[in-house]
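Read through the structure below, which is laid out as structure tokens, and then see the notes.
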Amino acid sequence: MHMADALISAATGGAMWAASAGAASYSVKRVQTELVENEKKIPLMGVMGAFVFASQMINFTIPGTGSSGHIGGGLLLAALLGPHAGFLTLISILAIQALFFADGGLLALGCNIFNMGFFTCFVAYPLIYKKIIQKGMSKKTILIGSVLAAAAGLQLGSFAVVLETFFSGKTELPFGTFLILMQPIHLAIGIIEGLLTAAVLTFLWNARPELLENGSMDKKKNHSNKKITVLILCSALVIGGVASWYASGSPDGLEWSIGKIVGIDEVDGSSMIHEFFQNVQEKISFLPDYNFQSDSETNATEKLGTSVSGILGSIFTLIFAAFIGMISKKYRKINKNIKENN
């Protein structure tokens with residue numbers, strides 16, 4: 001559900017950048033305290049960011065539709081890291097995707113962060129998943145909570161996409177028609193994401209149940225996370241480096257919905273601001289669409305490009321997400337020292 005710049009106006013893009021920046025600023029303030037109290041969450045932010053990045057490269061087919069989808073990952077991150085650290089980790093994923101792989105527009109980055117991160121981390125996770133889990137953690141509650149929360153998060157996110165195109169004046173995408181197409185296909189994608197999320201969370205719950213308690217680790221117990229951290233990182237590299245070869249080639253839910261209306265999976269956006277962001281993205285993105293830029297591309301080079309993209313993207317995300325965590329923690333200590341000295 002990564003929006004391209006052409007889907008939104010400059011005003012809408014700017015407004016959503018501001019909204020996402022506000023949510024990010026709030027999350028940084030909350031995470032500062034969390035990370036000082038629990039430093040073990042920092043490496044987990046990195047490896048989970050890498051895991052979700054790699055997992056998003058695998059589009060799964062939605063039977064009978066000609067469409068596909070991929071996990072958003074916001075719910076999974078929130079369930080393991082808490083909503084604030086999860087939201088910041090998802091920001092790192094979406095930023096790496098847009099900057100280096102041209103997946104989602106730079107102008108639309110604020111929209112994508114809000115649509116894929118805010119609704120899952122700050123709405124679906126606390127109001128649905130966490131409420132169900134509080135009744136008692138089990139395979140059943142994890143499954144029910146994951147499916148309902150993932151589906152709800154994607155319904156809200158896809159509705160936001162429709163609103164953003166409407167307020168951007170995209171008359172080629174009529175509000176009612178676009179909404180009718182977007183909601184059902186993303187409901188199906190949300191249910192599948194919920195099942196996949198439940199599978200990962202159930203595995204981690206069986207291996208290390210304290211990881212899932214209240215969305216964070218038990219600070220009172222001296223647990224070592226080295227083994228599980230290495231396992232998650234290795235899984236990310238395998239998914240990004242090999243499993244990504246087998247991703248569905250069908251258009252995702254957003255592209256499919258647009259294609260049903262206008263006949264192609266893209267719309268035009270040709271203002272000076274759109275051109276500026278497009279030029280910036282073209283200069284920065286060295287593996288656009290997760291592949292090499294080549295006129296004579298063979299199946300072997302395509303697979304190699306996908307593998308390189310998956311591995312590098314996972315590593316970049318790991319570094320960026322962990323860096324956000326370390327900076328947040330250090331900033332908290334600096335502020336504390338300043339207050340004590342004054």
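Remember, predicted model here, so these are calculated numbers, not experimental data.
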Rounded to the nearest 0.5 Å, how far does [atom2] of [Y] lie from [atom1] of [X]?
X    : Y    : atom1 : atom2 : value
M116 : S20  : CE    : OG    : 12.0 Å
L233 : I315 : CG    : CD1   : 8.0 Å
M45  : K41  : CE    : NZ    : 8.5 Å
S146 : L201 : OG    : CG    : 5.0 Å
L143 : S138 : CG    : OG    : 9.5 Å
Y290 : Q56  : OH    : CD    : 7.0 Å

Is it true that a side-chain atom of [X] and a backbone atom of [Y] form a donor plus acceptor pair closer than 3.5 Å?
X    : Y    : answer
D103 : A98  : no
S92  : T89  : yes
T61  : P63  : no
D252 : L254 : yes
S307 : G241 : yes
S285 : E282 : no
W256 : T65  : yes
S25  : A21  : no

Looking at [X] and [Y], what are the two nearest heavy atoms and their distance?
X    : Y    : answer
G240 : A54  : N-CB, 3.6 Å
E302 : N291 : CG-ND2, 3.2 Å
P251 : G66  : CD-O, 3.6 Å
L7   : K170 : O-CG, 3.4 Å
S158 : Q183 : OG-OE1, 2.8 Å
I261 : E172 : CG2-O, 3.4 Å

Beyond-backbone contact of [X] with [Y], side-chain heavy atoms, under 4.5 angstrom:
X    : Y    : result
K139 : W205 : yes
S257 : I185 : yes
L77  : Y125 : no
L231 : V47  : no
F51  : I239 : yes
L196 : F60  : yes
S235 : V238 : no
M137 : I133 : yes

Modelled atom types, side-chain donor and acceptor of N59 and S68, under 3.5 Å | yes
[X] with [Y], same ILVMFWY side-chain cluster at under 4.5 Å:
X    : Y    : value
V147 : L154 : no
M1   : F159 : yes
I284 : F292 : yes
L304 : I58  : yes
I319 : V230 : no

When the aromatic ring centroids of F53 and F316 are compared, is their separation below 6.0 Å?
-> no
Evaluation steps, side chain to side chain contact (heavy atoms under 4.5 Å, CB included), between I8 and C111 | CA-CA 9 Å; I8 59 169; C111 294; 3.8 Å; yes
Show which side-chain atoms of residues 173-182 pair as donor or acceptor with protein atoms under 3.5 Å away, not counting sequence neighbours.
none

List the steps and the verdict of side chain to side chain contact (heavy atoms under 4.5 Å, CB included) for F277 and Q281.
-> CA-CA 6 Å; F277 280 105; Q281 192 172 46; over 6 Å; no
Angle class for the F122/H84 ring planes (parallel below 30°, perpendicular above 60°, tilted otherwise)?
-> tilted
Where do T12 and S168 land on the side-chain hydrogen bond (donor to acceptor under 3.5 Å, both in side chains) test, with the steps shown first?
-> CA-CA 6 Å; T12 300; S168 295; 3.0 Å; yes
Going through the checks in order, is the side chain to side chain contact (heavy atoms under 4.5 Å, CB included) test met by N115 and E164?
-> CA-CA 10 Å; N115 300 343; E164 287 154 6; 2.8 Å; yes
Heavy-atom count check: over 12 atoms from other residues, nucleotides or ligands less than 6.0 Å from [X] [atom1]?
X    : atom1 : value
F166 : CZ    : no
I273 : CD1   : no
W245 : CH2   : yes

Paired with I113, the side chain to side chain contact (heavy atoms under 4.5 Å, CB included) test is passed by just one of W17, F118, F87, namely F87
Assess whether side chain to side chain contact (heavy atoms under 4.5 Å, CB included) is satisfied between L211 and I228, documenting all intermediate values.
-> CA-CA 10 Å; L211 288 176; I228 199 70; 4.2 Å; yes
Verdict with reasoning, Q97 to H2, per side-chain hydrogen bond (donor to acceptor under 3.5 Å, both in side chains) = CA-CA 10 Å; Q97 289 172 336; H2 294 69; 2.7 Å; yes
Report the residues that fulfil ring-ring contact (aromatic ring centres under 6.0 Å, His included) with F203, sequence neighbours left out, ordered by chain and then residue number.
-> none
